[in-house]
Amino acid sequence: MARYRFHCTNGLECVFDAVGNDIRIPERLPRRAEEVAQSVMRSLDDQEDWSQWHVSVHDLSGRRVLVQPFMVHAGELNQAA
């Protein structure tokens, strides 16, 4: 099992993951990145444009292993509120 950090940014604003998550199977990183993105979108509900946001996934050595854009599904954010 490896620990990864899931940082989110649009190039101006950042949400840093100081703790990270243990992931057993690296193929699950994209799914966890999407969950993190959804959580950030709910917590920063004053944002309207998520098109420039992405999740940057890093291992504990700081090596970037995945960059995934935020995916906004129609109506999803309104249902979460």
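Being a predicted model, the structure only gives us computed values, none of them experimental.
Residue Leu44 is grouped with residue Phe6 when hydrophobic side chains (ILVMFWY) are merged at heavy-atom distances under 4.5 angstrom, including chains of intermediate members. Hydrophobic clustering (ILVMFWY, side-chain heavy atoms < 4.5 Å, transitive): Val65 and Ile23 are in one cluster.
Scored by the side chain to side chain donor-acceptor pair (under 3.5 Å) test, Asp22 finds Arg3 as partners (sequence neighbours excluded). In terms of the side chain to side chain contact (heavy atoms under 4.5 Å, CB included) criterion, Pro69 has no residue partners (sequence neighbours excluded). Shown here are the ring-ring contact (aromatic ring centres under 6.0 Å, His included) partners of His58, two or more places apart in sequence or in another chain: His7. Residues passing the ring-ring contact (aromatic ring centres under 6.0 Å, His included) test with Phe70 are Trp50, Trp53, sequence neighbours excluded. Remark: Thr9 engages Cys14, His54 in a side chain to side chain contact (heavy atoms under 4.5 Å, CB included) (not counting sequence neighbours). By the side chain to side chain donor-acceptor pair (under 3.5 Å) test, Ser61 is found to be paired with Asp59, residues two or more places apart in sequence or in another chain being considered. With sequence neighbours excluded, the residues that form a salt bridge (Lys or Arg N to Asp or Glu O under 4.0 Å) with Glu35 are Arg32.
A donor-acceptor pair under 3.5 Å is formed between the side chain of Arg5 and the backbone N or O of Ala18.
With rounding to the nearest 0.5 Å, the separation of CZ in Arg64 from OH in Tyr4 is 15.0 Å.
Nearest heavy atoms, Leu29 versus Val57: CD2-CG1, 4.1 Å. Here the closest heavy-atom approach between residue Val67 and residue Ser56 is recorded as CG2-OG, 4.3 Å. Nearest heavy atom pair, residue Val40 against residue Cys8, reads CG2-SG, 3.8 Å. A pairwise comparison of heavy atoms in Gln68 and Glu34 identifies NE2-N, 3.6 Å as the closest pair.
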Checklist entry - Passes side chain to side chain contact (heavy atoms under 4.5 Å, CB included), Asp17 versus Val36? Steps please. => result CA-CA 10 Å; Asp17 178 5; Val36 169; 5.9 Å; no

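No more than 12 heavy atoms of other residues, nucleotides or ligands shown are found within 6.0 angstrom of CD on Gln52.
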